[in-house]
Amino acid sequence: MIKHLSIIGVGLIGGSLALALKKAGLVEKVTGFSRSQAARDEALALGIIDNAAASLAEAVTDADIVFVAVPMGAMQAVFEQIAAHLKPQAIVTDGGSAKQQIVDAAREALGNKFDRFVPGHPIAGTEKSGPSAAFAELYQQHRVVLTPVAETDKSALEQVRQMWQQTGADVFDMEVEHHDVVLAATSHLPHVLAFNLVGMLAKREDCDEVLRYAAGGFRDFSRIASSDAVMWRDICLGNRNAILELLQQYRSGLDQIEQAIRQDDGDFLIDVFGRAKRARDSRFADPTLKDNSEV
């Protein structure tokens, strides 16, 4: 039981955590804060939070666990503003998608309270945002990755682990650097590709006609281009090294495919497409392996 949970950012990610714990009867009180008064009012009206704080200081006062679910570019400012108002045993955790940047920001801003910071990343979501997008089942059968560092208090880590497990999530530990490389490949790069493709088509004079005939495959792939632009700007800049390296690899493979098409090299295309199909089928054919898409 969490006596007092503070949610900084009462949208899809933060709101869904609050709803999941409320549904399970595992939290007594939820205080929420958002820069937007409208978002605070909406979260309160929807029953996501029990109290809408007017400031970050008010939001974290007397909180046992503070979950920060704001765009990555705002994380350090939030840590700086809440540090002095945390009670000694308060735990701070987050939902950011690129961990090294957030760990560095928390270490600098939280000072001697950094050991009570548990970096985390729930790999779940939809393309929708805001309090109205939150729902209690979001994290069920999805992965939550925790990336503790040497200073992380083991008791705090275990409490955060148990919190996420109570939402129905599968919780795993991973090193910070490895997390950022893995997520760049499986989430960040696909979002960049989807944004670029939809943006390219949007510039065409016949865009409406092209999209009118879009098949299911295009709809499935392009869905993630509906994700929040600010959030994904921050992720790309926060995990730039891993994303840039993968973009170079992707560009190299794309150049080879282009060359094969120009040279009418069907054998090369069959080899590339066949290897991709086998890799994809072998990973997702097993019904026990879950889809852990962020959106």
K.L.:
Before you tell me yes or no, could you show the steps for Trp164 and Phe172 under ring pair (Phe, Tyr, Trp, His ring centres under 6.0 Å), namely the whole-Å CA-CA distance, both residues' side-chain angles and the distance that decides it to 0.1 Å?
P.N.:
CA-CA 10 Å; Trp164 282 115; Phe172 298 84; over 10 Å; no
K.L.:
I'd like to know whether CD of Glu245 has more than 12 heavy-atom contacts from other residues, nucleotides or ligands below 6.0 angstrom.
P.N.:
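Count not over threshold, so no.
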K.L.:
Have Thr147 and His121 got a donor and an acceptor in their side chains that come within less than 3.5 Å?
P.N.:
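The criterion, which ignores hydrogens and geometry beyond distance, is not satisfied for His121 and Thr147.
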K.L.:
Whether Glu258 and Arg262 form a salt bridge (side-chain N of Lys/Arg under 4.0 Å from carboxylate O of Asp/Glu) is what I want to check.
P.N.:
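Result for this pair is yes, salt bridge flagged.
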K.L.:
Taking all atoms of both residues into account, what is the closest heavy-atom pair of Ala18 and Leu5, and its distance?
P.N.:
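Nearest pair, atom of Ala18 first, then Leu5: CA-CD2, 4.5 Å.
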K.L.:
Within a radius of less than 6.0 Å around CD of Gln37, do more than 12 heavy atoms belonging to other residues, nucleotides or ligands occur?
P.N.:
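Yes.
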K.L.:
If you compare all heavy atoms of Leu197 against all heavy atoms of Phe218, which two are closest, and at what distance to 0.1 Å?
P.N.:
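That would be CD2-CE1, 3.9 Å.
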K.L.:
Does a side-chain heavy-atom distance below 4.5 Å link Asp265 with Leu269?
P.N.:
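They are not in contact (no side-chain heavy atoms under 4.5 Å apart), so the answer is no.
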K.L.:
Ignoring hydrogens and geometry, is there a side-chain-to-backbone donor-acceptor pair from His191 to Leu189 under 3.5 Å?
P.N.:
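Checking the backbone N and O of Leu189 against the side chain of His191, no donor-acceptor pair under 3.5 Å is found.
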K.L.:
Output yes when a side-chain donor or acceptor of Glu58 lies under 3.5 Å from a complementary backbone atom of Ala54, and no otherwise.
P.N.:
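Yes, Glu58 side chain to Ala54 backbone: donor-acceptor pair under 3.5 Å.
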K.L.:
Considering non-hydrogen atoms only, spot the tightest contact between Pro190 and Ala184 and give its length.
P.N.:
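Taking Pro190 first and Ala184 second, the nearest heavy atoms are CD-O, 4.2 Å.
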K.L.:
Determine whether Val144 and Ile123 make a side-chain contact, defined as any pair of heavy atoms from C-beta on separated by less than 4.5 Å.
P.N.:
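Sidechains of Ile123 and Val144: no contact.
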K.L.:
Has the side chain of Thr186 got a donor or acceptor atom that lies under 3.5 Å from a matching backbone atom of Val182?
P.N.:
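Yes.
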K.L.:
Taking Ser16 for the side chain and Leu138 for the main chain, is one N or O donor matched with an acceptor at less than 3.5 Å?
P.N.:
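A pair under 3.5 Å: no.
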K.L.:
Where is the tightest heavy-atom contact between Gly11 and Ala134, given as atom of each residue plus distance?
P.N.:
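For Gly11 and Ala134, the tightest heavy-atom pair comes out as O-CB, 3.9 Å.
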K.L.:
Looking at CD1 of Ile91 and NZ of Lys87, how far apart are the two atoms once the value is rounded to the nearest 0.5 Å?
P.N.:
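So the CD1 of Ile91 and the NZ of Lys87 are separated by 10.0 Å.
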K.L.:
Which atoms form the tightest heavy-atom contact between Gly47 and Leu19, and what is the distance?
P.N.:
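Minimum heavy-atom contact is O-CD2, 4.1 Å.
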K.L.:
Would you say the side-chain atoms of Asp115 pair up with the backbone N or O of Glu151, donor to acceptor, closer than 3.5 Å?
P.N.:
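Judged by distance alone, no pair lies under 3.5 Å.
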K.L.:
What I'd like to find out is whether the side chain of Arg161 reaches to under 4.5 Å of the side chain of Gln165, using heavy atoms alone.
P.N.:
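SC-SC contact between Arg161 and Gln165 confirmed.
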K.L.:
Quick one: does Ser187's side chain have a donor or acceptor within less than 3.5 Å of a partner on Leu183's backbone?
P.N.:
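Not a single qualifying donor-acceptor pair exists.
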K.L.:
Where the side chain of Ser227 meets the backbone of Ile224, is there a donor-acceptor pair that is under 3.5 Å apart?
P.N.:
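Such a contact is found between Ser227 side chain and Ile224 backbone.
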K.L.:
Please check: side-chain N/O of Arg116 versus main-chain N/O of Lys113, any donor-acceptor pairing under 3.5 Å?
P.N.:
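No.
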K.L.:
Would you find more than 12 non-hydrogen atoms of other residues, nucleotides or ligands less than 6.0 Å from Asp255 atom CG?
P.N.:
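Buried by this count: over 12 neighbours within 6.0 Å.
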K.L.:
Would you indicate whether the side-chain heavy atoms of His188 and Cys236 approach each other to under 4.5 Å?
P.N.:
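SC-SC contact between Cys236 and His188 ruled out.
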K.L.:
Sub-3.5 Å donor-acceptor pair from the side chain of Lys99 to the main-chain atoms of Glu177, do we have one?
P.N.:
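Checked: no pair found.
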K.L.:
Which distance, rounded to the nearest 0.5 Å, do you find between the CG of Asp153 and the CZ of Phe117?
P.N.:
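It comes to 13.5 Å.
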K.L.:
Treating Arg40 as the side-chain partner and Ala52 as the backbone partner, does any N or O pair qualify as donor plus acceptor under 3.5 Å?
P.N.:
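No.
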K.L.:
With the side chain counted from C-beta on, respond yes when Val66 and Thr93 share a heavy-atom pair under 4.5 Å apart, and no when they do not.
P.N.:
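Not in contact.
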K.L.:
Do Leu193 and Tyr250 have side chains that get closer than 4.5 Å, going by heavy atoms?
P.N.:
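Yes, their side chains come closer than 4.5 Å.
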K.L.:
Report the residue from Val10, Ile49, Ile48, Ile2 that forms a side chain to side chain contact (heavy atoms under 4.5 Å, CB included) with Val30.
P.N.:
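Exactly one candidate clears the test, Ile49.
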K.L.:
If you count the non-hydrogen atoms of other residues, nucleotides and ligands that lie under 6.0 Å from CD in Glu137, is the total more than 12?
P.N.:
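Result for CD/Glu137: enclosed.
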K.L.:
Is any NZ, NE, NH1 or NH2 atom of the basic residue among Asp62 and Lys3 found under 4.0 Å from an Asp or Glu carboxylate oxygen of the other?
P.N.:
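No salt bridge links Asp62 with Lys3.
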K.L.:
Do Leu17 and Tyr139 come close enough that some side-chain heavy atom pair is under 4.5 Å?
P.N.:
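Counting from C-beta outward, Leu17 and Tyr139 do come under 4.5 Å.
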K.L.:
Out of Ile65, Leu21, Asp50, which residue meets the side chain to side chain contact (heavy atoms under 4.5 Å, CB included) rule with Val27?
P.N.:
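With Val27 as partner, Ile65, Leu21, Asp50 yield a single side chain to side chain contact (heavy atoms under 4.5 Å, CB included), made by Leu21.
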K.L.:
Say whether Val92 and Val176 are linked into one hydrophobic cluster, either directly or through other cluster members, by side-chain heavy-atom distances under 4.5 angstrom.
P.N.:
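In one cluster: yes.
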K.L.:
Among Met1, Gln89, Glu28, His4, which one satisfies side chain to side chain contact (heavy atoms under 4.5 Å, CB included) with Asp64?
P.N.:
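Testing each of Met1, Gln89, Glu28, His4 against Asp64, the sole residue satisfying side chain to side chain contact (heavy atoms under 4.5 Å, CB included) is His4.
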K.L.:
Less than 4.5 Å apart, side chain to side chain, heavy atoms only: is that true for Val149 and Arg107?
P.N.:
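The answer is yes, as the side chains (C-beta and beyond) meet within the 4.5 Å cut-off.
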K.L.:
Taking all non-hydrogen atoms of both residues into account, name the closest pair between Ile13 and Ala124 and its distance.
P.N.:
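That closest heavy-atom pairing would be CD1-O, 3.6 Å.
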